[in-house]
Amino acid sequence: MKSNHPNIDIIAQVDRDNMAASVDVFHSDVVWHFFNPMVPEVAGSYHGLNGIAEFFEKVHSVGQGSFHIEPSGAWAIGEELVVVQTRNTLGDGDATLSFDVVVVWRIVEGRIKEVWDIPAIYTAQTGDAWAAS
């Protein structure tokens with residue numbers, strides 16, 4: 001993500017594979033909210049950097065080790081919010097699930113304070129193997 005807005009640049013610094021490397025971009029009391037009634041074992045609110053790392057570990061587990069995010073746009077809304085649209089894919093190659101996601105980021109004093117991760121659940125595209133599992 002390349003941008004002219006500093007809040008989008010802050011989000012671009014997040015390394016979901018190494019959350020410890022992202023410590024400077026998050027408030028210590030950051031909360032990540034994930035809404036998905038189709039995956040109740042992952043849905044919920046995750047607190048702090050360790051909680052966010054736990055969230056991504058759960059997503060990798062549900063995706064059978066595979067999780068890919070393809071950003072398609074980012075928009076700064078005022079001085080506090082950023083909306084990011086992505087296309088995500090979970091699966092092991094033969095069994096895949098692709099879906100659109102909107103993530104709303106709250107930036108306070110130059111650091112990420114709160115995140116709402118909202119996947120599209122009714123229009124996800126499944127591969128045959130995923131649907132059979």
Side-chain angles (χ1 to χ4, degrees):
M1 268 182 293
K2 175 111 170 79
S3 138
N4 292 325
H5 198 283
N7 286 348
I8 295 174
D9 295 337
I10 290 168
I11 293 166
Q13 295 175 49
V14 173
D15 182 350
R16 66 179 172 80
D17 294 322
N18 181 6
M19 293 307 292
S22 302
V23 69
D24 291 338
V25 298
F26 288 98
H27 279 268
S28 62
D29 61 348
V30 63
V31 181
W32 187 290
H33 306 283
F34 178 70
F35 303 102
N36 190 340
M38 306 296 232
V39 190
E41 65 272 27
V42 181
S45 295
Y46 295 83
H47 299 267
L49 208 53
N50 290 336
I52 295 171
E54 176 189 352
F55 164 75
F56 283 111
E57 288 171 12
K58 286 183 178 182
V59 170
H60 277 280
S61 176
V62 168
Q64 303 169 23
S66 175
F67 178 53
H68 178 71
I69 299 172
E70 184 65 39
S72 57
W75 302 269
I77 311 297
E79 294 304 315
E80 185 174 332
L81 300 175
V82 174
V83 176
V84 176
Q85 178 185 2
T86 67
R87 180 78 175 170
N88 294 4
T89 304
L90 290 171
D92 65 3
D94 293 329
T96 60
L97 177 65
S98 296
F99 50 97
D100 296 310
V101 178
V102 170
V103 181
V104 180
W105 304 76
R106 180 183 310 282
I107 311 297
V108 177
E109 298 172 347
R111 298 173 87 186
I112 300 165
K113 180 77 169 169
E114 197 163 10
V115 182
W116 295 267
D117 186 336
I118 309 164
I121 57 175
Y122 298 107
T123 56
Q125 298 173 352
T126 60
D128 291 337
W130 184 282
S133 54

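- Sorted by first and then second residue, the side-chain hydrogen bond (donor to acceptor under 3.5 Å, both in side chains) pairs involving residues 71-80 (not counting sequence neighbours) are Glu80-Arg106.
- Val59 and Val104 sit in two unconnected hydrophobic clusters of ILVMFWY residues. Membership requires side-chain heavy atoms under 4.5 Å apart, directly or through other members.
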Can I get a per-line list of side-chain donor-acceptor pairs under 3.5 Å for residues 109-116, giving both atom names and the distance, sequence neighbours left out?
unit_1: Arg111; atom_1: NE; unit_2: Asp24; atom_2: O; d: 3.3
unit_1: Arg111; atom_1: NE; unit_2: Phe26; atom_2: O; d: 3.3
unit_1: Arg111; atom_1: NH2; unit_2: Val23; atom_2: O; d: 3.3
unit_1: Arg111; atom_1: NH2; unit_2: Phe26; atom_2: O; d: 2.8
unit_1: Lys113; atom_1: NZ; unit_2: Asp29; atom_2: OD1; d: 2.9
unit_1: Lys113; atom_1: NZ; unit_2: Asp29; atom_2: OD2; d: 2.8
unit_1: Glu114; atom_1: OE2; unit_2: His33; atom_2: NE2; d: 2.6

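- Taken to the nearest 0.5 Å, the CE atom of Met19 stands 4.5 Å off from the CG atom of Leu49.
- Between the OH atom of Tyr46 and the CD1 atom of Ile52 there is a distance of 11.0 Å, given to the nearest 0.5 Å.
- Linking Ile, Leu, Val, Met, Phe, Trp and Tyr whenever their side-chain heavy atoms come within less than 4.5 Å puts Ile121 and Val101 in one cluster.
- In this structure, Val14 is a member of the same hydrophobic cluster as Ile69, with clusters built from ILVMFWY side-chain heavy atoms closer than 4.5 Å.
- Counting heavy atoms from C-beta on, the side chains of Ile107 and Ile11 come closer than 4.5 Å.
- Residues meeting the salt bridge (charged side-chain N to carboxylate O under 4.0 Å, His left out) test with Asp17, sequence neighbours left out: none.
- Atom CD1 of Ile118 and atom CG of Asn36 lie 11.0 Å apart (nearest 0.5 Å).
- At a threshold of 4.5 Å between non-hydrogen side-chain atoms, the residues Phe55 and Val42 count as touching.
- Phe35 and Tyr122 sit in two unconnected hydrophobic clusters of ILVMFWY residues. Membership requires side-chain heavy atoms under 4.5 Å apart, directly or through other members.
- Using a 4.5 Å cut-off on side-chain heavy atoms (C-beta onward), Trp105 and Trp32 make contact.
- Residues Ile8 and Ala74 share a closest heavy-atom pair of CD1-O, 3.8 Å.
- Between Thr123 and Ala120, the shortest heavy-atom distance links the atoms OG1-CB, 3.7 Å.
- Minimum heavy-atom separation, His5 to Gly78: NE2-O, 3.5 Å.
- Val84 and Leu81 are assigned to two separate hydrophobic clusters, defined by single-linkage of ILVMFWY side chains at heavy-atom distances under 4.5 Å.
- Separating the CG atom in Asp117 from the OG atom in Ser45 is a distance of 11.0 Å, to the nearest 0.5 Å.
- Below 30°, between 30° and 60°, or above 60°: for Phe56 and Phe67 the angle between ring planes is between 30° and 60°, a tilted geometry.
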